[in-house]
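Both ligands and their constituent atoms are indexed starting at 1 by order of listing. Not measured: the values here are computed from a predicted model.
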Amino acid sequence: MTSSKITLGIETSCDETGVALYCSERGLIADALHSQVDLHAAYGGVVPEIASRDHIRMLLPLIQQLMDEAGVEKPDAIAYTAGPGLVGALMVGAGVANGLGMAWNCLVVPVHHMEGHLLAPMLEPNPPDFPFLALLVSGGHTLLIAVRALGQYEVLGTTLDDAAGEAFDKTAKLLGLAYPGGPLLAKLAEEGDDAAFDFPRPMLNRPTLDFSFSGLKTAVMLEVRKAEAAGHLDARRADIAASFQRAAVDTLVGKTIKAASSAGLIRLVVAGGVGANRLLRNDMAKRFPGEVFYPRFEFCTDNGAMIAVAGAMRLAEASDALEIKAVARWSLASLAVPTAV
Ligand code: KG4
Ligand code: ZN
């Protein structure tokens, strides 16, 4: 008899329906993703009600397809994103996970979305050992975390205003790019001169490990207005994008190096949607003094695989009580693993 366990992961916190099967011995078996990006693009951002409805439409067929293709009849556990995120969207994943858990008589594990992001590199062939520093940069969060062990998370720095991804998305919108603008802005920046504008590197020279992106956003807005008034915005768009990206990346890399040195950590995990940014990856590789770990590109943004692996790592603490947990705000620092008595 084998002791290997298969965990089904379910992610529905925002605008991606993600599912995956993770095996404690073989690693990731299969994953599938349905993106709602096209549905929300017309509104310039995620519409919560539309997100919930589309998760309802897609989640069960996606799970069925995943299980059929992987030839798995029933998992040993189900992990679902319980927060933070859009409550209506989270409730779809929580409801389906608990319903299937009851039908299959298996353990159901609520997972913190950001813990999923920070454990996503555990899906790769060369995963990091604890302890490490994590830079979590997504549409909703910018966090520097000292990860001492599973569940031992100390937040060293966070954003005082916009998240890094939000700053990319808002700047992209100012430049007339579609939603979500982060990847489109990065692409436009490839054609621009990143020294064309000397945008501020917010808080970089202050001792705090917190971030602030609103001043940078305002500086970009003023340049966009100036270029518009002069009738040459089209000619300057790529330069503005490149200069913005350079300033944002300098800030992220600078603060990360400071955090690693003050916390005495030599390994770094970069995760979350902005972790897919190539300039950030290249600069971090050049400047960070220790080893840097990333999830593969498609697991930087929201996905079911990171929830499956995080749930699998927390199986030992799972209770067999069914509970629909869906929380909009949830601190990572509250996740300490209970110690055995
Ligand atoms: O982690 P994620 O998929 O969702 C949240 O949990 O928020 O992150 C999405 C964010 C968006 O703001 C998106 O524009 C940004 O990640 N993003 C990027 C890139 N790819 C995704 N930002 C900059 N460069 C990229 N290549
Ligand atoms: Zn995310």
Q | Whether K5 side chain and Y22 backbone form a donor-acceptor pair below 3.5 Å | A | no
Q: Check whether any side-chain N or O of K255 sits under 3.5 Å from a backbone N or O of M203 as a donor-acceptor pair, and report yes or no.
A: yes
Q: Using a strict cut-off of 4.0 Å, indicate which atoms of ligand 1 neighbour a heavy atom of T301.
A: 3 (O)
Q) Any donor-acceptor pair under 3.5 Å linking the side chain of D161 with the backbone of T159? A) no
Q: For atom 2 (P) of ligand 1, find the nearest protein heavy atom and state the residue, atom name and distance (0.1 Å precision).
A: D302 OD1, 3.4 Å
**Q.** N/O separation below 3.5 Å, G165 to ligand 1
**A.** yes
**Q.** Short side-chain to backbone donor-acceptor contact, T12 and A89, under 3.5 Å
**A.** yes
Q) Considering only protein heavy atoms, which is closest to atom 20 (N) of ligand 1, and at what distance to one decimal place? A) G273 O, 3.4 Å
Q) Do F288 and I257 pass the side chain to side chain contact (heavy atoms under 4.5 Å, CB included) test, and can you show the C-alpha distance, the side-chain angles, and the key distance before you say yes or no? A) CA-CA 6 Å; F288 189 79; I257 292 170; 4.2 Å; yes
Q.
I'd like to check whether P180 has a polar contact with ligand 1, where a contact means an N/O of the residue lying under 3.5 Å from an N/O of the ligand.
A. no
Q) If you measure from the Lys or Arg side-chain nitrogens to the Asp or Glu carboxylate oxygens, is any gap between R278 and E190 under 4.0 Å? A) no
Q: Check H55, E11, H34, R57 against T17 for a side chain to side chain donor-acceptor pair (under 3.5 Å) and give me the one that passes.
A: H55
Q. Considering only heavy atoms of G140, which atoms of ligand 1 have at least one such atom less than 4.0 Å away?
A. 7 (O)
Q | Full working for ring-ring contact (aromatic ring centres under 6.0 Å, His included) between F244 and F197 | A | CA-CA 8 Å; F244 161 82; F197 298 94; over 10 Å; no
Q: Examine I10 and L21 and state if one hydrophobic cluster contains both, with Ile, Leu, Val, Met, Phe, Trp and Tyr joined whenever side-chain heavy atoms are less than 4.5 Å apart.
A: yes
Q.
Closer than 4.0 Å to some heavy atom of A276 - which atoms of ligand 1 meet that?
A. 26 (N)
Q: Show your reasoning for whether ring-ring contact (aromatic ring centres under 6.0 Å, His included) applies to F297 and F299.
A: CA-CA 5 Å; F297 274 100; F299 293 161; over 10 Å; no
Q: Work out whether the distance between some heavy atom of P183 and some atom of ligand 1 is less than 4.0 Å.
A: yes
Q: Give the residue, atom name and distance (to 0.1 Å) of the protein heavy atom nearest atom 10 (C) of ligand 1.
A: G139 N, 3.5 Å
Q. Does R281 use its side chain to pair, donor to acceptor, with the backbone of G275 at less than 3.5 Å?
A. yes
Q. Should you measure from each heavy atom of S138, which atoms of ligand 1 turn up under 4.0 Å away?
A. 1 (O), 5 (C), 6 (O), 7 (O), 8 (O)
Q) What part of H113, side chain from CB on, backbone N/CA/C/O, both or neither, has a heavy atom under 4.0 Å from ligand 1? A) side chain
Q | Charged N-O contact under 4.0 Å between D283 and R246 | A | yes
Q) When clusters are formed by joining ILVMFWY residues with side-chain heavy atoms under 4.5 Å apart, either directly or through shared neighbours, do I56 and L90 land in the same one? A) no
(Q) Taking 2.8 Å as the limit, list every protein N, O or S atom around the Zn ion (ligand 2), by chain and residue number. (A) H113 NE2, H117 NE2, D302 OD1
Q: May I ask you to check whether over 12 heavy atoms, not counting those of Y43, lie within 6.0 Å of atom OH?
A: no
**Q.** Any N or O of F168 closer than 3.5 Å to N or O of ligand 1
**A.** no
Q.
Any nitrogen or oxygen of N277, side chain or backbone, less than 3.5 Å from one on ligand 1?
A. yes
Q: Would you kindly specify which portion of D169 sits under 4.0 Å from ligand 1, judged on non-hydrogen atoms: side chain, backbone, both or neither?
A: side chain
Q: Measure H117 to ligand 1 on non-hydrogen atoms and call it side chain, backbone, both or neither using the 4.0 Å cut-off.
A: side chain
Q: Return the residue, atom name and 0.1 Å-rounded distance of the protein heavy atom closest to atom 22 (N) of ligand 1.
A: G182 CA, 3.6 Å
**Q.** Test of proximity, G181 against ligand 1: N or O pairs below 3.5 Å
**A.** no
